[in-house]
Novice: 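Here it is, the structure in full.
Whatever order the structure lists ligands and atoms in, that order sets their numbers, starting from 1. Only a predicted model underlies this, so the values are computations on that prediction, with no experimental measurement involved.
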Amino acid sequence: MKKAAPVIVWFRQDLRLNDNPALVAAAKTKGPILFVYILDESQQCWEMGKASCWWLHASLEQLAISITKYYHAQLILLKGNPQELLEDLIKTSAAQAVYWNRCYEPGVIARDTAIKQFLKQRNIEVFTFNSALLHEPWEYQNRSKQPFKIFTPFWKTLQTMPLRQPLAIPKNIRSFKKLTSLSLEQLSLLSNYPWYEKLQNYWQAGENSASHQLKLFLKSGIKGYQILRNRPDLYNTSRLSPHLHFGEISPVKIWSTCQQTLEKDPSLNQDISCFLSELAWREFSYHLLYYQPTLPDKPYRAAFNKFTWEKNEQALKSWQQGLTGYPIVDAAMRELWETGWMHNRSRMIVASFLTKHLLQPWQLGEAWFWDTLVDADLANNAASWQWVAGSGTDAAPYFRIFNPELQAHKFDPQGEYIKKWVPELKLLPINYIHAPWKAPSAVLEKADITLGKTYPKPIIEHNFARKRALEAYRKTQG
Ligand SMILES: Cc1cc2nc3c(=O)[nH]c(=O)nc-3n(C[C@H](O)[C@H](O)[C@H](O)COP(=O)(O)OP(=O)(O)OC[C@H]3O[C@@H](n4cnc5c(N)ncnc54)[C@H](O)[C@@H]3O)c2cc1C
């Protein structure tokens, strides 16, 4: 009997063995498999931020361990131009086919389309799959067979679409003999400026950790999620975002595990439904990006091209460093710098503050998040920034301007989040912790605080900022 030819499984944003459609399909050929990761240096895509690079390093390490454990095989690491590297690899191995799971960033779609064409012209088969989303962006259509612009009907439609079951890890894979690979260190993902070294205190990358995190969340975080998900001082969201971004866990797996949990405990219905609707926001962002590839750079709504931002480097810096004088904003920005992650409510507050109080272009906030978030994701980040800034589709209206003090009262009622991330305020009594500028001098003195010295005075006054933002917005409407 003729021996099956070798095949390549090209890992990208699917750094897992479970529920991996490309891997399962490759295994069915019975040919020896080359497991490959290529760090793309061809510059066609948004360059990864520093926190993402850290995560990728740790995640590849875990994937290589799993491949060795399950298949006694190696993960071949390469960097450079993926098309050229795949061509070389095909020559060396005589592979006849390449399998990969699809990605959806506009630059990556263009790159992959070109590679697919190139390989096909050389009689190499290419098989691609959906592993990152519940459904492909183009599978969602509204009643007029058009892309969605509004979330609610999108979510309703999603719930009617049949979903596949998660796939098991394929067994009995034949691996290809050893080939030359770069070492993980040679990918140089960890730059010389190691601010992110502390990230390892907060995160464990990799598929095992993702699945552990999901279990933990469904055991102790999901109850009350619908309401408590808004509280940055509590641990009631899943923190699965970086795992999802790097494909260490699939949304299909999360969805099906949630359904099983619900069968066991129907009282979680509202909470699980709300959690799944957040996953649907992720799908919606990908859907928007697919049909509007300029989403990361340009306002979705053209009227916002006329908006006059007031670029101010000092204001931007104060925001980035968590030194705005608004405790909830500063707590959130410091949480980000320390952990590479920020709670969703905090993200909304700081994004509103940057774009509306400080009138800084949303793209500057998007860029900062891109560099510092471990879950930096082109679709989610761009869609969310535009949502808060008011320039996105189905966005929060521009004139809804968060009052940071009221947001803090509502979502960090005991000031625990503030005390954790802005320790210089921890001695302030609860009635002043959300607005230290309102505290009488004796109270400040007792709490060891000198405003303007040990903690900043507000860099802008709320009512003034609100009026200025509304005026700037009014001009775009004319
Ligand atoms: C200004 C701004 C920027 C953001 N940038 C990113 C980003 O770069 N990457 C990113 O993954 N998310 C981003 N988000 C969305 C959201 O804040 C995070 O996904 C969420 O905080 C991650 O925490 P979690 O996993 O505990 O969420 P959970 O509440 O447990 O939600 C589960 C999953 O659903 C998805 N999700 C939740 N909320 C949203 C949302 N509003 N939009 C899209 N997907 C969502 C995420 O994949 C998340 O992991 C941003 C939000 C804002 C307001």
Novice: Does an N or O anywhere in W385 fall below 3.5 Å from an N or O of ligand 1?
Specialist: no
Novice: Under 4.0 Å from a heavy atom of S241: which atoms of ligand 1 are those, numbered in the order shown and with their elements?
Specialist: 11 (O), 22 (C), 23 (O), 25 (O), 49 (O)
Novice: Under 4.0 Å from any heavy atom of M348, which atoms of ligand 1 are there?
Specialist: 53 (C)
Novice: Considering only heavy atoms of D377, which atoms of ligand 1 have at least one such atom less than 4.0 Å away?
Specialist: 7 (C), 8 (O), 9 (N)
Novice: Compute the shortest N/O to N/O distance between S238 and ligand 1 and return yes if it is under 3.5 Å, no if not.
Specialist: yes
Novice: Quick check: does D375 get an N/O under 3.5 Å from an N/O on ligand 1?
Specialist: yes
Novice: If you measure every N or O of L240 against every N or O of ligand 1, does any of those distances drop under 3.5 Å?
Specialist: yes
Novice: Does either side chain, that of D375 or that of S241, offer a donor lying less than 3.5 Å from an acceptor on the other one?
Specialist: yes
Novice: Look only at interatomic distance and state if H343 has a nitrogen or oxygen under 3.5 Å from any nitrogen or oxygen of ligand 1.
Specialist: no
Novice: Should the proximity of L373 to ligand 1, defined as any heavy atom under 4.0 Å, be assigned to the side chain, the backbone, both, or neither?
Specialist: side chain
Novice: Counting from 1, what ligand 1 atoms have a heavy atom of R282 closer than 4.0 Å?
Specialist: 43 (C), 44 (N), 47 (O)
Novice: Within ligand 1, which atoms have a heavy atom of W341 less than 4.0 Å away?
Specialist: 22 (C), 23 (O), 26 (O)
Novice: Using a heavy-atom cut-off of under 4.0 Å, does the side chain or the backbone of F217 touch ligand 1, or both, or neither?
Specialist: neither
Novice: Begin from the C-alpha positions of R16 and S66 and carry the test side chain to side chain contact (heavy atoms under 4.5 Å, CB included) through to its verdict.
Specialist: CA-CA 8 Å; R16 64 174 186 270; S66 296; over 6 Å; no
Novice: At less than 4.0 angstrom from any non-hydrogen atom of A376, what atoms of ligand 1 do you find?
Specialist: 8 (O)
Novice: Within the structure, does N380 bring an N/O atom to less than 3.5 angstrom of an N/O atom in ligand 1?
Specialist: yes
Novice: Quick one: does Y225 get a heavy atom under 4.0 Å from ligand 1?
Specialist: yes
Novice: For ligand 1, which atoms, with element, lie under 4.0 Å from some heavy atom of L244?
Specialist: 47 (O), 49 (O)
